[in-house]
Amino acid sequence: MAKARIIVSIDIGSSKIRTVIGVLDEKSHMPNIIGVGIAPSSGIRKGLIIDVEETINNVTASLEDAERMAGEPVHRVFLGISGNHIEAFNSKGVIAIAHPNNEITEDDVDRVLEAAQAVSIPHNRRILRILPKSFTVDEQKGIKYPVGMTGIRLEVEAHIVPGTAPAVKNIEKCVLQAGVDIDDIIPTCLAAPEAVLSKRQKELGVVVVDIGSGGTSVAVFEDGATLHTAIIPAGGENVTNDIAIGLRTSIDTAEKIKIEYGSCIPDEVSDRDLIDLSSFSKIDAQKISKKQLVEIIEARYQEIFLLVKDELAAIGRDGMLPAGVVLTGAAVKMPGVIDLARETLNLPV
């Protein structure tokens, strides 16, 4: 198998590390998945490394599983990272066109994006992605791609996604020590929309809410460009913690009953419904109210959606996105989440 056609990605999450191996189809340019490896992510909290050795072992285990399934050795990977240390902002850059006949070239686009990056970001931050939102040539605004046009002055409005340099370096180090090279680092708040959105949704205006274990990433698109990204430090893990505290159970039992009986619709549950915990655990033997469980879950999900609403309000898009909300991430499997999101965000979901 030609090595150039194999693409490998590792997604470093707060609950699991996933490796996916794909073979690129030359006609459709879509990868056919031939190997998947999943390992628990016990050395990471909220996207930050807390135990280097543990993380190296987890990454190695995930890689080996995928290699075994695909029957192919892995040498290079694309790395997906998330975490609260990733904080995006908008920036502008301006340059004069240097070409003799004032025609804008690829070099000019690169130069104007560099100018947008030359903002005063702290020395401990590292730019992971710079995404042009729109260009302005002289007085003409809202240009998507200015190459080939003529003008004297080129301006860009860009969305810059930096991470904390030490946090990114620690993750890089763990992956390199697992024996593979890194082709590129991709913030997962930008990767998820690529997987789940259509071009039309991005044009109309849409928000992707990716609820993971350690946090929730929000990405807003309009006119085909990235308008805003943010990471909310609350996810599925927080729901489990709330259940453990509210119902006085162990974390493991809380996770099991969340998956088995969890829901965001208290109205569908009777006050008399009880859950016997002894069937899930040797430690927890009490009976608990199913209604109370569902109320705890609903409260936390509602809080997550209210925080998403605040992000939309901050950029003037609260209730104003025609293509609505697209939910993704493991924690959105909870029954009733779509209705709760629709109610809280006042948008189609």
Side-chain angles (χ1 to χ4, degrees), residues 46-47 82-92 129-134 141-142 144 157-162 187-212 214-236 238-239 242 263-267 295-349:
K46 304 276 182 192
S82 59
N84 309 338
H85 64 94
I86 297 170
E87 283 180 19
F89 61 92
N90 294 326
S91 175
K92 285 186 175 176
R129 271 289 178 280
I130 176 159
L131 306 162
K133 288 162 76 174
S134 72
K141 293 184 175 179
K144 287 271 167 55
E157 197 177 333
H159 188 67
I160 294 178
V161 186
T188 49
C189 59
L190 299 175
E194 284 301 315
V196 300
L197 291 185
S198 68
K199 196 174 177 184
R200 185 158 181 266
Q201 285 170 317
K202 287 184 184 178
E203 286 291 338
L204 288 169
V206 66
V207 56
V208 175
V209 180
D210 180 3
I211 310 180
T216 298
S217 66
V218 179
V220 184
F221 291 83
E222 201 172 67
D223 296 330
T226 310
L227 195 65
H228 178 72
T229 56
I231 309 275
I232 294 166
N238 300 79
V239 179
D242 289 354
S263 164
C264 292
I265 321 163
D267 297 349
E295 282 170 351
I296 290 169
I297 293 169
E298 185 200 32
R300 177 59 85 171
Y301 273 95
Q302 189 157 31
E303 187 205 14
I304 290 170
F305 292 132
L306 286 169
L307 291 168
V308 172
K309 196 177 170 74
D310 291 346
E311 290 291 340
L312 295 178
I315 56 165
R317 294 296 183 280
D318 183 13
M320 304 289 283
L321 297 165
V325 185
V326 176
L327 297 176
T328 182
V332 302
K333 293 177 182 175
M334 185 68 67
V337 159
I338 289 179
D339 294 331
L340 185 63
R342 195 180 287 125
E343 212 174 282
T344 312
L345 296 168
N346 294 326
L347 284 167
V349 181

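- In this structure, the separation between CG on L345 and CG on L306 is 8.0 Å, given to the nearest 0.5 Å.
- A pairwise comparison of heavy atoms in L204 and A323 identifies CB-CB, 4.1 Å as the closest pair.
- Between V207 and R317 there is no side-chain heavy-atom pair separated by less than 4.5 Å.
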**OP:** Apply side-chain contact (heavy atoms from CB on, under 4.5 Å) to H159 and I130, showing your working.
**Re:** CA-CA 6 Å; H159 188 67; I130 176 159; over 6 Å; no
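- Nearest heavy atoms, G329 versus D210: CA-OD1, 3.3 Å.
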**OP:** For E298 and I265, run side-chain contact (heavy atoms from CB on, under 4.5 Å): C-alpha distance rounded to whole Å, both residues' side-chain angles, the deciding distance at 0.1 Å, then the answer.
**Re:** CA-CA 7 Å; E298 185 200 32; I265 321 163; over 6 Å; no
**OP:** Output, in order, the C-alpha distance, side-chain angles, deciding distance and verdict of side-chain contact (heavy atoms from CB on, under 4.5 Å) for N90 and I160.
**Re:** CA-CA 6 Å; N90 294 326; I160 294 178; over 6 Å; no
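- Note that CD1 of I231 is 6.5 Å distant from OG of S82, once rounded to the nearest 0.5 Å.
- When every heavy atom of F305 is checked against every heavy atom of V337, the shortest pair comes out as CZ-CG1, 3.8 Å.
- Residues P162 and I86 fail the side-chain proximity criterion, which asks for heavy atoms closer than 4.5 Å.
- With hydrogens and angles disregarded, no donor-acceptor distance shorter than 3.5 Å links the side chain of T226 to the backbone of H228.
- The two residues A225 and P132 have their closest heavy-atom pair at CB-O, 4.3 Å.
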**OP:** Given side-chain contact (heavy atoms from CB on, under 4.5 Å), test V161 with L190 step by step and report yes or no.
**Re:** CA-CA 9 Å; V161 186; L190 299 175; 4.1 Å; yes
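- Taking NZ of K133 as the reference point, atom NZ of K144 lies at 13.0 Å (rounded to 0.5 Å).
- Remark: K141 does not engage E157 in a salt bridge, criterion side-chain N to carboxylate O under 4.0 Å.
- Between L347 and R342, the shortest heavy-atom contact is O-CG, 3.4 Å.
- Listed for the T229 side chain is no donor-acceptor partner under 3.5 Å among the backbone atoms of A88.
- At a threshold of 4.5 Å between non-hydrogen side-chain atoms, the residues I232 and V308 count as touching.
- To the nearest 0.5 Å, atom OG1 of residue T328 and atom CD1 of residue I211 are 9.5 Å apart.
- Here the side chains of I315 and V220 are in contact, with some heavy-atom distance below 4.5 Å.
- Rounding to the nearest 0.5 Å places CZ of R200 at 13.0 Å from CG of L197.
- Considering every non-hydrogen atom in both G235 and T216, the closest pair reads CA-OG1, 4.2 Å.
- Residues L321 and L312 have side chains in contact (heavy-atom distance under 4.5 Å, counting atoms from C-beta outward).
- The backbone N or O of A191 lies less than 3.5 Å from no partner atom in the side chain of T188, so there is not a single donor-acceptor pair.
- Atom OG1 of T344 is separated from atom CG of L307 by 11.0 Å, given to the nearest 0.5 angstrom.
- Comment: K202 does not engage E222 in a salt bridge, judged by the lack of any side-chain N to carboxylate O separation of less than 4.0 angstrom.
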